[in-house]
There are 2 protein chains.
Amino acid sequence: MPTTTSASGSRPGGRSARVRAQVLEATGAQLVEHGYDGLTVDAVAERAGVHRTTVYRRWRDIGGLLADLLDAAGDDGWEPADTGTLEGDLTALNEEILAGVAADPPLTTALIAASFRSAQAARALRAFWEDRYARCAVVAVRAEERGELPPGTRSRELLVAATAPVYHELVLLGTPPDPHLPATAARTAALAARAGAFTGP
Amino acid sequence: MPTTTSASGSRPGGRSARVRAQVLEATGAQLVEHGYDGLTVDAVAERAGVHRTTVYRRWRDIGGLLADLLDAAGDDGWEPADTGTLEGDLTALNEEILAGVAADPPLTTALIAASFRSAQAARALRAFWEDRYARCAVVAVRAEERGELPPGTRSRELLVAATAPVYHELVLLGTPPDPHLPATAARTAALAARAGAFTGP
DNA sequence: ATTCTAACGCAACAGTCGTCGCTTTAGGGA
DNA sequence: TCCCTAAAGCGACGACTGTTGCGTTAGAAT
């Protein structure tokens with residue numbers, strides 16, 4: 001997570017960039033240590049050694065902070081695992097999701113919660129997810145090349161079918177993490193995909 | 001939505017019940033008219049013609065109000081539609097979900113948002129959903145009886161697989177409502193179920 | 001080196017949220 | 001009918017959030 005990203009304003013060098021780096025780092029640290037409820041603008045500002053008004057002016061609210069954090073995080077070089085089978089790839093993906101959602105501190109949940117309070121955070125989180133799904137398209141491509149899938153399979157639908165149950169159980173239904181939920185959801189989606197559920201008009 | 005439910009306290013008659021009815025009705029009306037952001041304890045109290053502290057003492061926060069509202073709503077006689085086919089039943093269910101989430105005012109979204117702020121609201125919402133899933137079990141039973149499904153299909157898994165993509169797309173990913181999302185998600189889940197994805201160990 | 005200005009620091013402010021101690025009232029029981 | 005008490009009313013309070021006007025500073029331009 002590089003913190004040297006240049007600010008987009010007209011004075012990128014020196015202080016602005018430094019303040020941004022300090023504040024974003026403080027945001028992440030505060031979120032990790034005290035969860036979403038402990039994530040107030042005041043706490044972040046104090047932790048970053050910066051005045052409250054500076055944060056309010058540049059980021060508007062906590063949602064803005066998280067959005068900025070997410071934009072930076074989205075630029076990492078993440079790629080889906082390549083296990084050799086469609087079901088294996090989807091399972092690995094779901095296991096990452098499960099680990100992320102069930103993690104302590106609940107970073108993902110905090111971001112989702114924030115997205116309900118801040119349109120800015122919501123946009124950033126959705127962009128992050130869409131980017132992730134786009135990167136995962138290769139999973140379907142590989143499966144097609146191996147002959148595991150009918151040609152023309154719509155990767156996004158397949159990926160949503162595979163991952164949605166994990167999010168749904170953990171985030172919305174609040175069921176305790178089931179260690180083989182990732183595999184069963186992946187298997188179900190792979191089965192449907194092989195049967196052609198995501199091809200055709 | 002009957003508002004004559006008796007309060008569970010030790011003084012059920014008269015004032016307590018009247019206040020509860022007034023406050024719950026005001027909560028619903030305020031939510032419908034001004035959305036979740038306009039749903040403050042103060043606004044509800046004023047609307048109900050009741051003092052702020054009364055609301056804070058009996059319901060603690062907005063989450064408590066919504067939880068109480070949900071408990072009342074869960075007692076309706078809702079039943080899943082019976083269309084004659086598994087896929088039809090699941091599609092109808094998904095269409096109800098889509099309508100609920102995409103509705104204006106966004107009642108469902110407001111409840112979900114509240115569940116991230118209030119553990120009480122979260123519990124109530126989850127109980128509501130589990131109750132709905134339990135009532136939907138009959139969909140799988142009917143399908144089994146028609147020979148559409150292998151015996152021993154786990155209804156909850158099937159229902160989650162069918163409905164999760166709808167919630168995921170609309171609530172988390174924020175994609176605009178796709179009118180045939182309900183049908184495609186239902187078809188996918190039904191396909192997997194027929195192939196035995198939800199049977200066995 | 002000097003100047004100029006975008007960005008930050010600062011203090012005071014209004015608005016909101018949730019709590020507390022006390023008083024008043026309604027309604028159930030004798 | 002009278003009393004007793006659970007519940008509601010009331011005002012004040014502290015904590016937090018977000019804004020504004022103004023002074024200060026760092027660093028970019030020349």
Side-chain angles (χ1 to χ4, degrees), chain A residues 3-27 30-31 34-68 113-114 116-121, chain B residues 3-27 30-31 34-68 113-114 116-121:
Chain A
T3 50
T4 53
T5 312
S6 66
S8 56
S10 59
R11 189 163 286 185
R15 190 162 60 161
S16 292
R18 197 163 55 242
V19 164
R20 189 176 111 111
Q22 285 168 4
V23 169
L24 289 190
E25 197 206 309
T27 303
Q30 188 71 13
L31 184 56
H34 301 285
Y36 182 62
D37 289 331
L39 190 69
T40 71
V41 172
D42 283 37
V44 169
E46 195 186 355
R47 181 168 199 143
V50 156
H51 203 267
R52 297 167 3 93
T53 42
T54 297
V55 179
Y56 279 116
R57 269 195 277 253
R58 283 187 58 172
W59 287 276
R60 181 174 178 85
D61 58 16
I62 335 156
L65 282 171
L66 291 172
D68 202 354
F116 281 97
R117 292 208 215 180
S118 155
Q120 212 177 344
Chain B
T3 50
T4 53
T5 312
S6 67
S8 56
S10 58
R11 188 165 282 185
R15 190 164 58 161
S16 293
R18 196 162 57 240
V19 165
R20 190 176 111 111
Q22 286 169 2
V23 170
L24 288 189
E25 196 206 313
T27 303
Q30 187 72 13
L31 184 56
H34 300 285
Y36 181 62
D37 289 331
L39 188 67
T40 70
V41 172
D42 283 36
V44 169
E46 194 185 358
R47 181 169 199 142
V50 156
H51 203 268
R52 299 169 356 95
T53 45
T54 297
V55 179
Y56 279 116
R57 270 197 275 256
R58 283 187 59 172
W59 288 277
R60 182 175 177 83
D61 57 17
I62 336 153
L65 282 171
L66 291 172
D68 201 356
F116 280 98
R117 292 208 217 180
S118 155
Q120 213 177 343

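Numbered from 1 within each chain, the chains take letters A, B, ... in sequence-line order.
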Counting only heavy atoms not in A:R60, do more than 12 fall under 6.0 Å of its CZ? no

Rounding to an integer number of Å, can you tell me how far [X] [atom1] sits from [N] [atom2]?
X      : N      : atom1 : atom2 : value
A:I62  : D:dC16 : CD1   : P     : 13 Å
A:R60  : D:dT17 : CZ    : C1'   : 12 Å
B:E46  : C:dC17 : CD    : C1'   : 15 Å
B:R20  : C:dA26 : CZ    : P     : 22 Å
A:L65  : D:dT17 : CG    : P     : 12 Å
A:Q120 : D:dG18 : CD    : P     : 13 Å
A:R18  : D:dA28 : CZ    : P     : 10 Å
A:W59  : D:dG18 : CH2   : C1'   : 16 Å

Suppose we screen for side-chain hydrogen bond (donor to acceptor under 3.5 Å, both in side chains). Which residues come up paired with A:H34, at least two apart in sequence or across chains?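 Partners of A:H34 by the side-chain hydrogen bond (donor to acceptor under 3.5 Å, both in side chains) criterion come out as none, since no residue qualifies.
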
For B:T54, side-chain hydrogen bond (donor to acceptor under 3.5 Å, both in side chains) partners two or more places apart: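 If we apply the side-chain hydrogen bond (donor to acceptor under 3.5 Å, both in side chains) test to B:T54, skipping adjacent residues, there are no hits.
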
Would you say D:dT19 has OP1 or OP2 under 4.0 Å from some side-chain N or O of A:Y56?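 False: A:Y56 side-chain N/O out of range (4.0 Å or more) of D:dT19 OP1/OP2.
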
Just jot down the salt bridge (Lys or Arg N to Asp or Glu O under 4.0 Å) partners of B:R117, sequence neighbours excluded, or say none. none

Using only modelled atom types and a 3.5 angstrom limit, is any donor from either the side chain of A:R57 or the base of D:dG18 paired with an acceptor on the other? no

B:F116: partners by side chain to side chain contact (heavy atoms under 4.5 Å, CB included), with sequence neighbours left out: A:T109, A:I112, A:A113, A:F116, A:V171, B:I112

Just to verify, what does B:A48 make a side chain to side chain contact (heavy atoms under 4.5 Å, CB included) with, not counting sequence neighbours? B:Q22, B:V23, B:A26, B:V50

I'd like to compare against my own output: the B/S/- annotation of nucleotides 11-16 of chain C with a strict under-4.0 Å heavy-atom distance to protein. BB----

